[in-house]
Amino acid sequence: METVLLTGGMGYIGSHTAVELLKEGYEVIIADDLSNSSADVLDRIYAITGTKPRFYQVNAADKAQMEPIFKDYPISAVIHFAGFKAVGESVVKPLMYYRNNLDSALTVLELMAKYDVQRFIFSSSATVYGEKNTPPMTEEMPTGGITNPYGWTKYMIEEILKDAAKADQELSVVLLRYFNPIGADESGLIGEKPNGIPNNLMPYIAQVAAGIRDHLNVFGNDYPTPDGTGIRDYIHVTDLARGHVAALRYSRTHAGAEAINLGTGHGVSVLELVHAFEKASGITIPYVIAPRRAGDIPEMYADVSKAERLLHWHAEKSIEDCCRDSWNFQKHAADELRVMRSK
Ligand code: UD1
């Protein structure tokens, strides 16, 4: 069976991908410095799949730390999740974002060249479509025009990878452009755990439902959309994880760099998501209309035909499934905290 290295494999999307790969019988090695995740994710992956992946607490940008992994294992592909991802923080600390995100991608690529590893799957983002394109977003659209350094790191790494694939005919690169991942594994054992106040909509809604925050701020209700609130393409993280399994299979027989959207193809507004969550949880989510958030665009959703055509993959879970599983994870986390405190 193939051995796959997941950098950043302890994080939200990485851990769900590890679960789906293990279920399919892949050998999984995780390299993660735990800068935005915790070691207990490993036990949780084990509880879900019955297998514990090999884990190295290393920084993906550090060649000396990473090289032994390439030396010791017959790695057939790398899925590169490692990277900083907070939009607001990237505006305040741009150099930290460029240094970390670009360095880790370059280090992994150099080691791949040295150890003859030819398949690279990259965690890109729909953010590369910038402000100027009109949805549905297709992979042929020009990228750029991004409003923050985090998004630019995704754009720049895509360009680096395209050049690398041009120069090395054997290299197979898949740029997976994620839309808005939400939800959690059905078990409720792994999910998105933001530090502090969540920036993203779904974790914020879940914390309001759990009583951690008293209301949701809806950023703008005067967008040119049917209910005036922003529209996004929310995709269940398990569907997204399975998209990586499909991309890995595809990369076996493909060379060059290929960008592929991972979304559902359907737009959902902020208020529609709030109401779907209320229905799934039975809890009313109090909200107030707040000013627009700087850098937000009115509408973003994917054209998913390329993923279907090349990967034979499409998202299967509904927005109700997403809400049910996000809530299930939030409740699980609260229960665990109660048990810990009572000990
Ligand atoms: C954001 C990032 C994007 C990143 C993605 C990762 C920005 C501008 N974009 O996408 O680069 O790849 O997260 O998941 O930050 N909303 C509210 N109230 C809230 C939070 C959000 O009304 O408290 C609204 C937003 O205005 C937007 C929608 O909910 O219309 C989704 O927001 P969010 O979850 O932050 O995702 P994006 O902004 O699409």
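Hydrogens, waters and symmetry mates are skipped; everything else that's a heavy atom, side chains included, is used. In each ligand, atom 1 is the first atom listed, and ligand 1 is the first ligand listed.
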Check whether the side chains of H236 and D325 place a donor and an acceptor atom closer than 3.5 Å, and report yes or no.
-> yes
Nearest non-hydrogen protein atom, atom 24 (C) of ligand 1 = V270 CG2, 3.7 Å
Short list, please: which atoms of ligand 1 are under 4.0 Å from a heavy atom of V218?
-> 22 (O)
Checking R177 against Y129: charged group under 6.0 Å from the ring centre and within 45 degrees of the axis?
-> yes
Distance filter under 4.0 Å to N199 heavy atoms, resulting ligand 1 atoms = 20 (C), 35 (O)
Mark up the atoms of ligand 1 that fall under 4.0 Å of a heavy atom belonging to G230, in ascending order.
-> 30 (O)
The closest protein heavy-atom partner of atom 22 (O) of ligand 1 is F219 N, 2.8 Å
In terms of hydrophobic clustering (I, L, V, M, F, W, Y; side-chain heavy atoms under 4.5 Å; direct or indirect links), are V237 and L248 co-clustered?
-> yes
Number the atoms of ligand 1 from 1 as they appear, then name those within less than 4.0 Å of a heavy atom of D296, with their elements.
-> 8 (C), 25 (C), 26 (O), 38 (O)
Where at least one partner belongs to residues 186-195, residue pairs that pass side chain to side chain donor-acceptor pair (under 3.5 Å), sequence neighbours excluded | N36-N195, D185-S187
Is it true that K306 and E139 have a side-chain N and a carboxylate O under 4.0 angstrom from each other?
-> no
Relative to the heavy atoms of S125, which atoms of ligand 1 are at a distance of less than 4.0 Å?
-> 12 (O)
Check: of R232, H215, K154, min heavy-atom distance to atom 39 (O) of ligand 1 comes from R232
Do the ring planes of W327 and F277 sit parallel (below 30°), tilted (30 to 60°) or perpendicular (above 60°)?
-> perpendicular
Taking the non-hydrogen atoms of Y234, is any one of them nearer than 4.0 angstrom to ligand 1?
-> yes
What distance do I13 atom CD1 and T238 atom OG1 have between them, rounded to the nearest 0.5 Å?
-> 11.5 Å
Would one find an N or O of N200, backbone or side chain, under 3.5 Å from an N or O of ligand 1?
-> yes
In terms of atom number and element, which parts of ligand 1 are under 4.0 angstrom from non-hydrogen atoms of N217?
-> 17 (C), 18 (N), 19 (C), 22 (O), 23 (O)
Return the residue, atom name and 0.1 Å-rounded distance of the protein heavy atom closest to atom 15 (O) of ligand 1.
-> V87 CG2, 3.5 Å
Cationic tip of R292 above Y223 ring, under 6.0 Å, 45° of axis | yes
Side-chain donor-acceptor contact under 3.5 Å, D116 with Q118 = yes
Counting from 1, what ligand 1 atoms have a heavy atom of Y150 closer than 4.0 Å?
-> 4 (C), 11 (O), 12 (O)
Show which atoms of ligand 1 fall inside a sub-4.0 Å distance from at least one heavy-atom site of T127.
-> 11 (O)
Atom 36 (O) of ligand 1 - nearest protein heavy atom and its distance = N180 ND2, 3.1 Å
Would you say L201 has any N or O atom under 3.5 Å from an N or O of ligand 1, going by distance alone?
-> yes
Determine whether the side chains of Y115 and E67 contain a donor N or O and an acceptor N or O closer than 3.5 Å.
-> yes
Would you say P181 and ligand 1 have an N/O pair spaced under 3.5 Å apart?
-> no
How far is atom 35 (O) of ligand 1 from its nearest protein heavy atom, and which residue and atom is that?
-> R293 NH2, 2.8 Å
Determine whether the side chains of T7 and H80 contain a donor N or O and an acceptor N or O closer than 3.5 Å.
-> yes
